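What you see is a predicted model, and the numbers here were worked out from it, not measured in a lab.
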Amino acid sequence: MLDKIISLLRRKNSGKGRKSILYITTDRVHLLLSAGNSAVHASTFEYQNDQVAAALAQALSQIPKSSKVQLVLASAYYQLVQLDKPALNDAELMQALPWQIKDLVTIAPEDMVADYIDLPVHAAQQGRISVVVAKLSWLKQLVKLISDAGAQLVSIQPEEWLARYLLVPARQPCMLIIHQPDQEVLLQIIQDDILYFSRRTRGFSALHQADVAVWRDGLFDRLLLELQRSMDYFESQLKQPPVRDVRVLMQGGETLCQLLNDSGFIKAALLTSPTPNGLPPAQQVQCWPAVALLSHQGVV
């Protein structure tokens with residue numbers, strides 16, 4: 001969530017305008033302008049090397065003054081770690097986090113902004129948290145650009161905490177398989193609108209280019225092993241019911257769904273937004289975190 005940096009850095013602005021979502025990846029800035037839960041405008045601004053500020057400035061030029069802006073960061077711009085929850089109140093924990101995790105991340109404590117969410121655990125287990133950290137100095141630059149554009153920044157969020165908004169809350173656990181071109185696969189297990197499990201695989205960044213022959217020549221078996229390991233952890237360590245429902249979000253995901261169904265995943269299907277958003281399927285894959293926020297009834 002990274003709300004701490006917003007309270008420290010953003011310019012106060014009480015104006016009300018169209019809601020905007022900015023999703024920053026390693027080579028693009030995606031902009032969605034929304035009315036309610038529907039996108040009314042979508043643009044993409046490409047950049048190279050470290051020129052994200054220039055692309056963000058272009059995107060901001062299309063945002064009406066006084067708009068409320070939500071910023072979403074791709075995984076390259078933050079680090080996630082899990083640890084046992086210290087016995088501290090929330091204020092004390094927020095102050096202690098940079099020093100609790102300094103040996104687990106590559107960002108210096110003095111240049112770190114951190115936030116956390118509680119993770120579900122079995123009743124007999126110690127509480128655990130998922131901590132997200134990002135570079136404070138880098139985020140300051142983005143916040144200043146947004147503030148100078150006359151917009152009101154209301155949240156900064158890591159993409160991995162948003163996928164659950166793509167599902168209709170259900171008591172049965174569901175595994176998400178999310179793959180964007182040239183990125184590693186994100187595996188998550190959601191139950192009752194709660195993120196129980198999240199990890200990224202290695203070696204599957206070209207999954208979108210695989211044809212049926214490649215899938216059947218060992219690729220599917222390797223991915224299936226990763227899925228089974230994740231589900232085993234969910235069931236054995238977290239003492240949760242078996243995962244029977246799988247949703248796939250990727251280009252050409254129909255082949256993977258069919259292979260999963262043929263292997264016993266009888267409820268494997270393509271993942272679609274729970275609310276209409278006016279975006280073509282390819283764009284929904286490309287900027288799914290922004291789509292997730294559009295789908296979330298609590299979008300500000």
Side-chain angles (χ1 to χ4, degrees), residues 23 25-28 30 72 74-76 80 158-170 172-191 193 195-235 240-277 279-292 294-295:
Y23 171 42
T25 72
T26 54
D27 59 359
R28 291 174 172 85
H30 298 281
V72 182
S75 59
L80 278 177
E159 62 180 9
E160 286 172 65
W161 288 0
L162 301 177
R164 63 193 179 96
Y165 298 143
L166 293 171
L167 291 174
V168 175
Q172 294 300 315
C174 179
M175 170 171 277
L176 300 184
I177 304 173
I178 299 178
H179 172 62
Q180 295 164 297
D182 303 315
Q183 302 294 320
E184 292 296 348
V185 171
L186 174 63
L187 300 179
Q188 294 197 335
I189 299 178
I190 315 291
Q191 185 177 4
D193 202 30
L195 175 62
Y196 275 75
F197 177 89
S198 181
R199 64 179 285 258
R200 289 188 183 272
T201 63
R202 293 184 179 181
F204 297 99
S205 60
L207 208 62
H208 60 293
Q209 298 175 342
D211 57 20
V212 175
V214 173
W215 278 113
R216 296 189 181 280
D217 191 28
L219 178 63
F220 177 68
D221 290 338
R222 289 193 293 112
L223 180 60
L224 190 61
L225 179 61
E226 297 294 336
L227 303 185
Q228 194 61 58
R229 285 173 175 169
S230 300
M231 290 186 288
D232 287 346
Y233 175 85
F234 176 74
E235 296 171 25
Q240 297 300 317
V243 177
R244 302 300 186 197
D245 198 4
V246 179
R247 292 292 179 270
V248 176
L249 180 62
M250 60 173 285
Q251 294 181 13
E254 296 87 353
T255 300
L256 177 56
C257 287
Q258 185 61 54
L259 290 169
L260 288 169
N261 284 319
D262 291 345
S263 298
F265 289 89
I266 59 174
K267 292 186 178 180
L270 294 178
L271 175 64
T272 58
S273 173
T275 57
N277 54 54
L279 296 175
Q283 198 164 25
Q284 293 195 42
V285 173
Q286 195 175 49
C287 56
W288 67 262
V291 173
L294 286 181
S295 301

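- In this structure, the side chains of Phe197 and Gln188 stay at 4.5 Å or more apart for every pair of heavy atoms.
- Listed here is the closest heavy atom pair of His179 and Phe204: CE1-O, 3.4 Å.
- Atom CZ in Arg164 sits 7.5 Å away from atom CG in Leu195 (nearest 0.5 Å).
- Here the side chains of Gln286 and His30 are in contact, with some heavy-atom distance below 4.5 Å.
- Between atom CD1 of residue Ile178 and atom CG of residue Leu166 there is a gap of 6.0 Å, rounded to the nearest 0.5 Å.
- With rounding to the nearest 0.5 angstrom, the CZ atom of Arg200 is 3.5 Å from the OG atom of Ser75.
- Within the 4.5 Å cutoff, side-chain heavy atoms of Leu167 are placed close to those of Leu176.
- From Tyr23, atom OH reaches atom SG of Cys287 across 8.0 Å, with rounding to the nearest 0.5 Å.
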Checking Gln191 against Gln172 for the side-chain contact (heavy atoms from CB on, under 4.5 Å) test, could you report, in this order, the C-alpha distance in whole Å, the side-chain angles of both residues, the deciding distance, and whether it holds?
CA-CA 6 Å; Gln191 185 177 4; Gln172 294 300 315; over 6 Å; no
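- Of all heavy-atom pairs between Ala74 and Thr25, the closest is CB-CA, 3.7 Å.
- The NE2 atom of His208 sits 11.0 Å away from atom CD of Gln180, with the distance rounded to the nearest 0.5 Å.
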Can I get a per-line list of side-chain donor-acceptor pairs under 3.5 Å for residues 216-234, giving both atom names and the distance, sequence neighbours left out?
residue	atom	partner	partner atom	Å
Glu226	OE1	Arg199	NH1	3.0
Glu226	OE1	Arg199	NH2	2.9
Gln228	NE2	Asp232	OD1	3.1
Ser230	OG	Arg199	NH1	3.4
Ser230	OG	Glu226	O	3.0

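- Judged purely by atom type and a 3.5 angstrom limit, Glu184 uses its side chain to pair as donor or acceptor with the backbone of Gly203.
- The nearest pair of heavy atoms linking Val214 to Asp211 is N-OD1, 2.9 Å.
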Just distance, no hydrogens or angles: give the donor-acceptor pairs under 3.5 Å from side chains in residues 242-270, sequence neighbours left out.
residue	atom	partner	partner atom	Å
Asp245	OD1	Arg247	NH1	2.5
Asp245	OD1	Arg247	NH2	3.4
Arg247	NH1	Lys267	O	2.7
Gln258	NE2	Asp262	OD1	2.9
Asn261	OD1	Ala268	N	3.2
Asn261	ND2	Cys257	O	3.1
Asn261	ND2	Ala268	O	3.2
Ser263	OG	Leu259	O	2.9

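- Distance check: Ser198 OG to Leu80 CG gives 7.0 Å after rounding to the nearest 0.5 Å.
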